[in-house]
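Okay, so here's the structure we're looking at.
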Amino acid sequence: MSGAVVVGAQWGDEGKGKIVDLLAERFEIIARYQGGNNAGHTVVHGDETFKFHLLPSGILEPDKICILGNGVVIDPEVLCGEIDGLEARGRSTSGLRISMNAHVIMPWHRLIDQQSEISLGPLQIGTTRRGIGPAYADKASRIGIRVQDLFDLSILQKKVAAALAVRNREILRGRDQGPLYPNAVVEEIAVYAERLKPYAADTSLLIDQALKAGKRVLFEGAQGTLLDLDNGTYPFVTSSNPIAGGACTGTGIGPTRIDSVLGIAKAYLTRVGAGPFPSEADEERSAKIRDIGAEFGTTTGRERRCGWLDLVGLRYAVRLNGLTELVLTKLDVLSEFDSIPVCVAYKLPDGTVTEEFPAHQSDFHHAEPVWEELPGWGSDISDVTDWSQLPQAARDYVEWVANQLGIPVTLVGVGVRRDQVLAPHGMDAVARSVR
């Protein structure tokens, strides 16, 4: 038995896709466990760049099984487009498996998402408006449509009619046009159902059988810890559980099947959309980080807000996920700065200083960063191929972060390609599940 979880340790966009792509060759199965096409992974594989929104990042590895688990919400049109696009580039998707219990993003979900976000006005959360939240809401309300429903038109017709009996009232509030009609919706979805049917499987059973056979499974999350529905910076969160525990509920396996949890964090910090951001940089340095790091959303193209590493948030991620190690990406982006601020604690409204993430949202919303300045290294490190070749100040930065968090940093990214990842203690020091 050997299972490892790769989880975002910040607000998402940490470079999980590249790390999953790098590690995938050492695993037989790669399983994504939550989120929808509100996520985006950019993977540079050889001379090619791929942008995935639903397909697991490991899909580029030949002879691997890549799973979309029951915790994922699937837009059939988007998924079929990704499958067709990948095959058009000469890549096989024969290893893809889709949980029959995964829920489907239906046309009304996108309409409701767009309308509800607009109606919030200045209180907008910053969703991608792709129907993710309403799909999860229907799942919790038990009127959702699952992948298995797509393959029986009589069942699909009844379930679509039942859902629209509830949701058409919301749709009509924000539309000049009439309601959605079940027959038209079923006809639209049926086209994608036939395309996806060969990929549908009992993925929980598949993973269980693989683990019992001694095979290795890599569980891939989307978004990041601070966007977790239950434990993140609510209400500025996603609609599912990106934290490591979500790997269990999102794929149908027990927690004892997980051997290691790899947290992925940038060497600095970014955030997309609204919400508090204590370590956000001033406008000039934020723009500089954004330009150097190409900090624009893979899914939306939106500019990411940029700032400095936040150890308070990272300590929280270590606690919530039970991180066994950290992967630090995009260290090269910091090469342009003479000194590098790091947020080591928060000063709360009552004047107290804490190194722990505040339990009350008002404290977090008004938290002021307590800084520690670390020296920069002032040289390009993107061509470095061995840890020992890094400038001493760059190595000190990484080792200082590891000491502050009490877990090892086992991989460090110095560029966008998979060969631009350094192992400070060698690959044998990376999680048990990866060896």
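Asn241 pairs by the side chain to side chain contact (heavy atoms under 4.5 Å, CB included) definition with Asp228, Leu229, Asp230, not counting sequence neighbours. With sequence neighbours excluded, the residues forming a side chain to side chain contact (heavy atoms under 4.5 Å, CB included) with Arg146 are Asn101, His103, Gln148, Asp149, listed by chain and number.
Remark: the backbone N or O of Ser382 is paired with a side-chain donor or acceptor of Gln420 at under 3.5 angstrom. No donor-acceptor pair closer than 3.5 Å links the side chain of Tyr397 to the backbone N or O of Trp377. Proximity of a side-chain donor or acceptor of Arg216 to a complementary backbone N or O of Arg26 within less than 3.5 Å is detected. In this structure a side-chain-to-backbone donor-acceptor pair under 3.5 Å is present from Ser141 to Ala137. A distance-only check finds no donor-acceptor pair linking the side chain of Gln34 to the backbone of Gly246 [under 3.5 Å]. Under a 3.5 Å cut-off, the side chain of Lys64 and the backbone N or O of Phe27 do form a donor-acceptor pair. Thr329 contributes a side-chain N or O that, together with a main-chain N or O of Glu14, makes up a donor-acceptor pair within less than 3.5 Å. With Arg290 contributing its side chain and Glu303 its backbone, the two residues share no donor-acceptor pair below 3.5 Å. Here the side chain of Asn403 pairs a donor or acceptor atom with the backbone of Glu399 at under 3.5 angstrom. Between the Asp332 side chain and the Asp380 main chain, no donor and acceptor come within less than 3.5 Å of each other.
The structure places CD1 of Ile407 at 9.5 Å from CG of Asn321, a figure rounded to the nearest 0.5 Å. Atom OG of Ser239 is separated from atom CG of Asp113 by 7.5 Å, given to the nearest 0.5 angstrom. Between the SG atom of Cys80 and the CG atom of Leu196 there is a distance of 4.0 Å, given to the nearest 0.5 Å. In this structure, Thr251 OG1 and Leu206 CG are separated by 11.0 Å, a value rounded to the nearest 0.5 Å. For the atom pair CH2 of Trp400 and CG of Leu374, the computed distance is 5.0 Å after rounding to the nearest 0.5 Å. To the nearest 0.5 Å, the span separating CD on Glu220 from CD1 on Ile19 amounts to 11.5 Å.
Note on Asp13 versus Lys266: no salt bridge recorded, every NZ/NE/NH1/NH2 to OD/OE distance being 4.0 Å or above.
Residue Tyr346 forms a side-chain hydrogen bond (donor to acceptor under 3.5 Å, both in side chains) with just one option from Asp310, Asp363, Thr352, Thr354, and that option is Asp310.
Contact annotation: the side chain of Leu68 never approaches that of Val147 to less than 4.5 Å [non-hydrogen atoms, C-beta and beyond]. Looking at heavy atoms from C-beta onward, Arg130 lies out of side-chain contact with Ile105 at the 4.5 angstrom threshold. Contact check for Arg257 versus Phe219: no side-chain heavy atoms found under the 4.5 Å cut-off.
Shortest non-hydrogen contact noted between Gly36 and Leu54 is C-CD2, 3.8 Å. Pro56 approaches Ile67 most closely through the heavy-atom pair CG-O, 3.5 Å. Across every non-hydrogen atom of Arg417 and Val421, the tightest pair is O-CG2, 4.2 Å. Residues Val7 and Ile243 share a closest heavy-atom pair of CG2-CA, 4.0 Å. Contact detail for Gly35 and Val72: the closest heavy-atom pair is O-CG1, 3.1 Å. Shown here for Lys139 and Gly71, the closest heavy-atom pair between the two residues is NZ-CA, 4.2 Å.
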Legend entry - Verdict with supporting geometry, Leu226 and Phe357, side-chain contact (heavy atoms from CB on, under 4.5 Å): CA-CA 11 Å; Leu226 296 178; Phe357 203 80; 4.1 Å; yes

Inset, instruction - Could you check Thr270 against Trp11 for side-chain hydrogen bond (donor to acceptor under 3.5 Å, both in side chains), going step by step and ending with a plain yes or no? - result: CA-CA 7 Å; Thr270 62; Trp11 273 299; over 6 Å; no

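With 3.5 Å as the limit, one finds no donor-acceptor pair spanning the side chains of Tyr136 and Thr238. Donor-acceptor pairing under 3.5 Å is recorded for the side chains of Arg271 and Thr233.
Applying the salt bridge (charged side-chain N to carboxylate O under 4.0 Å, His left out) rule to pairs touching residues 275-286 yields Glu280-Arg305, Asp282-Arg285, sequence neighbours excluded.
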